[in-house]
2 protein chains.
Amino acid sequence: MPAWVEGKLFFYADSPPRRLMELFSVKWSTMVLHALSHWPGERARTGELQRSLQGISKKMLFQTLKELEMRGLIARHVYDVIPPKVDYRLTPLGRTFAEPIEQMYQWGLENESALDKMEACYQAASR
Amino acid sequence: MPAWVEGKLFFYADSPPRRLMELFSVKWSTMVLHALSHWPGERARTGELQRSLQGISKKMLFQTLKELEMRGLIARHVYDVIPPKVDYRLTPLGRTFAEPIEQMYQWGLENESALDKMEACYQAASR
DNA sequence: CTGCATCCATAACGATACTG
DNA sequence: CAGTATCGTTATGGATGCAG
């Protein structure tokens, strides 16, 4: 995304990479997508998801699910039963977005030491 | 990072991938790192960076630079001249983190159509 | 030019309680 | 069980002005 304009580098806030980042900056969206992409059986029920994503609040879970659905990344399926049953799964578009997330997760797993170094630096600099 | 515990999938908020994401969720940090990793000559002056990162405010630039320096991702060099001259460059650790950012940027560039689809979906769902 | 300190608006997040 | 509504807190970002 860098571009040279009049001999200077330019980065644009609305560039594709930034747009991708924007999606990711929503705290739980990557985790939800990642969870669904690894979910045994593809379809996850609301409660299952919540228990799986340790620490997510009900509100944030629903907000995230709704947003991802609006963006066409996940599909919501309502069963006509009592008590209510709903599940979510990735759409093909959602699977596309699971790719970079998977990459990121992979990198994180392989570079835990770099993350530790960064944190150590931060701690040291904080005093 | 998914783990099976008692037959259920678990994701942890403090997993390496999440820690990476946390760094990225700071709006400008990826752009700064990415900019520096592509900077001709490696070293970028403060003002040059600001002009390059269209739309960043002075405050956010300094805040981001300071944070990245505290984390050991960039090095700050002060020249003993008047008027003041300072420049920043990636540390080896910073270069490590530039990798996943580059991947992400690459993905964004190659999948602009997916981003467009997502946005279109969102627009359609908003009415 | 670089860096820092204020002040302020708003968006993100989370706890909780309530409905069908 | 799924989903919504309300409220309060904190984090984030941006404008501006001042100092070395």
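Because the structure is a prediction, the values reported are computed rather than measured. Throughout, a chain's letter reflects where its sequence line sits, starting with A, and its residues are numbered from 1.
Atom-to-atom, CG of A/Leu61 to P of C/dA15 comes out at 13 Å; the value is rounded to the nearest Å. What separates OH of A/Tyr79 from P of C/dG20 is a distance of 25 Å, to the nearest Å. The interatomic distance linking B/Leu49 (CG) with C/dG3 (C1') rounds to 14 Å, in whole Å. Look at CD on B/Gln63: it is 11 Å from P on C/dC4, rounded to the nearest Å. B/Met60 places its CE atom 14 Å from the P atom of D/dA11, with the value rounded to the nearest Å. The interatomic distance linking B/Phe24 (CZ) with D/dT12 (C1') rounds to 19 Å, in whole Å. Rounded to whole Å, atom C1' of D/dT12 lies 13 Å from atom CD1 of B/Ile56. Between B/Met31 atom CE and D/dT12 atom P there is a gap of 18 Å when expressed in whole angstrom units.
Side-chain contact of B/Trp107 with A/Gln103: a donor-acceptor pair under 3.5 Å is absent, judged by distance alone.
Atom CD of A/Glu42 has 12 or fewer heavy atoms from other residues, nucleotides or ligands within 6.0 Å.
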For nucleotides 1-4 of chain D, list the nitrogen or oxygen atoms of the protein found under 3.5 Å from its nitrogen or oxygen atoms, one pair per line.
unit_1	atom_1	unit_2	atom_2	d
D/dC1	O3'	A/Arg45	NH2	3.3
D/dA2	OP1	A/Arg45	NE	3.4
D/dA2	OP1	A/Arg45	NH2	3.4
D/dA2	OP2	A/Gly47	N	2.9
D/dG3	OP1	A/Arg76	NE	2.7
D/dG3	OP1	A/Arg76	NH2	2.1
D/dG3	OP2	A/Thr46	OG1	3.3
D/dG3	OP2	A/Tyr88	OH	2.9
D/dG3	O6	A/Lys58	NZ	2.3

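Here A/Glu119 does not pair with B/Arg71 in a salt bridge; the nearest charged N to carboxylate O distance is not below 4.0 Å.
Using cut-offs of 30° and 60° for the angle between ring planes, the A/His77 and A/Tyr79 rings count as perpendicular.
B/Pro84 and B/Arg45 make their closest contact through O-NH2, 3.6 Å (heavy atoms, listed as atom of the first residue, atom of the second, distance).
The aromatic ring centres of B/Trp39 and B/Tyr88 sit 6.0 Å or more apart.
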